[in-house]
Amino acid sequence: MKKGSLTIVGTGICFGGQITLEAKAWIEQADKVLYAVADLATIEWLKSLNATAEPLPANTNHERRRHMHENMTNKMLEEVRRGLRVCVVYYGHPGVLVDPAHRAIQQAREEGYEAKMLPGVSADACLYADLGIDPGKNGCQIFEATDFLIRQRQFDPASVLLLLQIGFVGNLGFFQDGKQQRGLQILVEALTPQYGPEHEVILYEASMYPVTPPVIRRIPLKDLPMTEMTAISTLCVLPDSPAPFNVAMMQNLKLQLPESPPESKLSELGKTAYKLGRYEEALMFYNRLLLKNPNHAWALAHRGETYCCLRRYEEAIADFNRSLHLKPEYPWALAHRGDVLRRMKHYELALQDFELALQLKPDYAWVVPQQVNTLISLCRHEEALQKLDQSSDLYYELIPNAIGERAVVLNALGRHQEAIESCETVLQETPDDHIAMYSLLVAKVQTEGLDSHRELLTQTRNRLQEVMIQETRRMSRTIILYRLGGLAALEGQAETALELLQQAIVLEWEAWLIVRQDPVWNALRSDPRFQSLAPEN
């Protein structure tokens, strides 16, 4: 075996937390480190591990990516031939759509050098976790997007379909925003006969940092060409239903066909899938339940709520209407129909449903914050505050950070001193209440300026970042992102503030409603970029 070796490793997707101990050790011990990674933070970290680190050649002026890949391969082998232990670091998994890594290993071995690849966390591995998909349950097919089209790949619509590099479809060069639209339209035409134009697909981007969430956009298939995406976007197409059983094969294997679960079991399975965020799976159980009993008001209402989580609002309203036709005095269905109406911006109709739900069930705590948020959306802050004070016991029972949220409304009304007093009382008992910290900071900056409260700003940012790492609920993560943006706005960091606001709105559109009431954004309200993200109407 010749002197010199090649080891290719991956950093994983999320900075700092997904690289393996083995990969880190190879980086530290190498005579030479080469890298092709996605961000400056990772580059600085690699240089801190090994001072020899330098980038692989990456000239995007080439017409085709393969020319750049050839240059990368040549650079790796050049260092190996010098007799060095070379460690090459790629973003994500070094073996997934990294052609030069495979070429370099093959060529190094042919020339008599030791060469190997270590696994890393890939985008599809993150996708399984973020979308709650088990690839072993219904199967999973993975293709590169352009390859999927030009080779007429056969696929099973009863399994998950993942198309990688969707932003490059029809493009063998480098990513250019908008260049993929023609390829995407052809892809839609190829998929529509099997799924239909309204079938929901998911555009996914794994999070690169612990404090930011993944990008998850759920859209109808027909809207794919008009949807924003980046070079790291992946398309996920979920099946409508699982594959049918092969009865003859099951008999040959001496396996029994599974019995159809009773209604109670289907209900439990649907609720469990819903709570885990597996909405497509929940739909499957509710659909099976409604096949057994089309007039099951509970199943209709809960399927409506699942449609709501998938942002399929028209279907949600149809299910709630059917449920309430079967069972008019059903407060849960009324309240959750009101929530869908609020999301559709039918605010007055939403308020009517919330009021009816409370008349039927006066202790229905969940309804109060929905009423309050609807009134805030209408900029009726005095009514929102009055509703909070009238229903304080209900509200505080459901919302742990209720006083801090109340202070948000006080700040919107300009009653900053009241907000300060409320938040300081809360923080004496619960020093890490991030909503109270944020509301207190906003109130103090409005009355006393920022300079004397920079320490509180730092504490608030640190606490919000801690909560972001722990939080899994989409709306909660949205609010934290928006408030981190608000802190950047307070410091005059417009670019950072608007970027965080955009991330929040992509995650949950209601973020812009919150912005309308928050005075920290006042300096940016005339900025055209802000106006496009948070329109007044």
Q: Please test Tyr286 against Asp319 for side-chain hydrogen bond (donor to acceptor under 3.5 Å, both in side chains), starting from the C-alpha separation and ending with a verdict.
A: CA-CA 11 Å; Tyr286 293 142; Asp319 271 358; over 6 Å; no
Q) Between Leu498 and Phe530, is a side-chain contact (heavy atoms from CB on, under 4.5 Å) present by the stated rule, with each step listed? A) CA-CA 7 Å; Leu498 292 169; Phe530 177 89; 4.0 Å; yes
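- The CE atom of Met229 lies 4.5 Å from the CG atom of Leu203; values are rounded to the nearest 0.5 Å.
- In this view, Thr425 satisfies the side-chain contact (heavy atoms from CB on, under 4.5 Å) rule with no residue, not counting sequence neighbours.
- By the 4.5 Å heavy-atom criterion applied to side chains, Phe354 and Leu341 are not counted as neighbours.
- Between Tyr195 and His199, the two ring planes are tilted [angle within 30° to 60°].
- Pairs engaging residues 131-140 under the salt bridge (Lys or Arg N to Asp or Glu O under 4.0 Å) rule: Lys137-Glu281 [sequence neighbours left out].
- Between Leu187 and the options Ile166, Leu221, Thr146, a side-chain contact (heavy atoms from CB on, under 4.5 Å) holds for only Ile166.
- With sequence neighbours excluded, the residues forming a side chain to side chain donor-acceptor pair (under 3.5 Å) with Glu383 are Arg380, listed by chain and number.
- Here Leu410 contributes atom CG and Ser439 contributes atom OG; the two are 9.0 Å apart, rounded to the nearest 0.5 Å.
- A donor-acceptor contact shorter than 3.5 Å is absent between the side chain of Glu355 and the backbone of Leu351.
- Side chains of Arg322 and Asn295: no donor on one and acceptor on the other come within 3.5 Å.
- At a cut-off of 3.5 Å, with distance as the only test, no side-chain donor of Gln417 or Thr447 sits close to an acceptor on the other residue.
- Side-chain contact between Pro213 and Leu481: present, with at least one pair of heavy atoms (C-beta onward) separated by less than 4.5 Å.
- Counting only distance, with no hydrogens or angles, the side chain of Ser323 and the backbone of Ala297 share a donor-acceptor pair below 3.5 Å.
- Under the side chain to side chain donor-acceptor pair (under 3.5 Å) criterion, Glu315 pairs with Arg312, not counting sequence neighbours.
- Listed by chain and number, the residues in a side-chain contact (heavy atoms from CB on, under 4.5 Å) with Pro197 are Thr192, Lys222 (sequence neighbours excluded).
- Between Leu450 and Leu457, the closest side-chain pair of non-hydrogen atoms falls below 4.5 Å.
- Proximity of a side-chain donor or acceptor of Arg218 to a complementary backbone N or O of Cys309 within less than 3.5 Å is not detected.
- Within the 4.5 Å cutoff, the side chain of Leu290 has no heavy atoms near those of the Lys292 side chain.
- Residues satisfying the side chain to side chain donor-acceptor pair (under 3.5 Å) test with His416, not counting sequence neighbours, are Asn411.
- Looking at Tyr438 and Asp518, their side chains do bring a donor and an acceptor atom within 3.5 Å of each other.
- To the nearest 0.5 angstrom, Leu440 atom CG is 13.0 Å from Ile435 atom CD1.
- By the 4.5 Å heavy-atom criterion applied to side chains, Arg311 and Arg343 are not counted as neighbours.
- Residues meeting the side-chain contact (heavy atoms from CB on, under 4.5 Å) test with Ala489, sequence neighbours left out: Ala497, Trp521, Leu524.
- Atom CD1 in Ile186 sits 6.5 Å away from atom CD in Glu189 (nearest 0.5 Å).
- To the nearest 0.5 angstrom, Tyr313 atom OH is 8.5 Å from Asp339 atom CG.
- When the ring pair (Phe, Tyr, Trp, His ring centres under 6.0 Å) test is applied to Phe285, no partner is found at least two apart in sequence or on another chain.
- In this structure, the side chain of Asp353 does not engage the main chain of Ala350 through any donor-acceptor pair within 3.5 Å.
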Q) Passes ring pair (Phe, Tyr, Trp, His ring centres under 6.0 Å), Phe155 versus Phe148? Steps please. A) CA-CA 9 Å; Phe155 66 98; Phe148 177 79; 5.5 Å; yes
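- Judged as a side-chain contact (heavy atoms from CB on, under 4.5 Å), and not counting sequence neighbours, the contacts of Thr496 are Ala488, Gln493, Leu500.
- Ion pairing between a basic and an acidic side chain is recognised when a charged N comes within 4.0 Å of a carboxylate O; Glu305 and Arg337 show no such pairing.
- In this structure, Glu466 and His434 have side chains that are not in contact, with every pair of non-hydrogen atoms separated by 4.5 Å or more.
- Pairs passing the salt bridge (Lys or Arg N to Asp or Glu O under 4.0 Å) check and including a residue from residues 411-428, sequence neighbours excluded, read Glu382-Arg415, Arg415-Glu418, Glu424-Lys444.
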(Q) I'd like to know whether Lys361 forms a salt bridge (charged side-chain N to carboxylate O under 4.0 Å, His left out) with Glu329, so could you lay out the CA-CA distance, the side-chain angles of the two residues, the decisive distance to 0.1 Å, and finally the verdict. (A) CA-CA 10 Å; Lys361 188 179 179 182; Glu329 295 188 353; over 6 Å; no
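- Relative ring orientation between Trp366 and Tyr364 is described as tilted, the plane-to-plane angle lying within the 30° to 60° band.
- The 12-atom threshold is exceeded at CD of Glu448, counting heavy atoms of other residues, nucleotides or ligands nearer than 6.0 Å.
- Inter-residue side-chain proximity for Leu162 and Tyr128 is flagged as met; some heavy-atom pair is nearer than 4.5 Å.
- Tyr330 is linked by a ring pair (Phe, Tyr, Trp, His ring centres under 6.0 Å) to nothing, counting only residues two or more places apart in sequence or in another chain.
- Between the side chain of His325 and the backbone N or O of Asn321 there is no donor-acceptor pair closer than 3.5 Å.
- Partners of Tyr204 according to the side chain to side chain donor-acceptor pair (under 3.5 Å) rule, which considers only residues two or more places apart in sequence or in another chain, are Asp130.
- In this structure, CD1 on Ile219 lies 3.0 Å from OG1 on Thr227, to the nearest 0.5 angstrom.
- Remark: the backbone N or O of Ala299 is paired with a side-chain donor or acceptor of His296 at under 3.5 angstrom.
- For Tyr274 and Tyr279, the gap between ring centers is short of 6.0 Å.
- Counting non-hydrogen atoms of other residues, nucleotides and ligands closer than 6.0 Å to CD of Glu314 gives a total of 12 or fewer.
- Gln141 places a side-chain N or O within 3.5 Å of a backbone atom of Val160 that can act as its donor or acceptor partner.
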Q | Check against side-chain hydrogen bond (donor to acceptor under 3.5 Å, both in side chains), Thr230 and Glu205 | A | CA-CA 8 Å; Thr230 71; Glu205 294 175 23; 3.0 Å; yes
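- Ion pair Lys265/Glu268 not flagged as a salt bridge, since none of the NZ, NE, NH1 or NH2 atoms sits closer than 4.0 Å to an Asp/Glu carboxylate oxygen.
- Residues Val237 and Ile202 form no side-chain contact, since every pair of their non-hydrogen atoms from C-beta on lies 4.5 Å or further apart.
- In this structure a side-chain-to-backbone donor-acceptor pair under 3.5 Å is present from Asn287 to Leu283.
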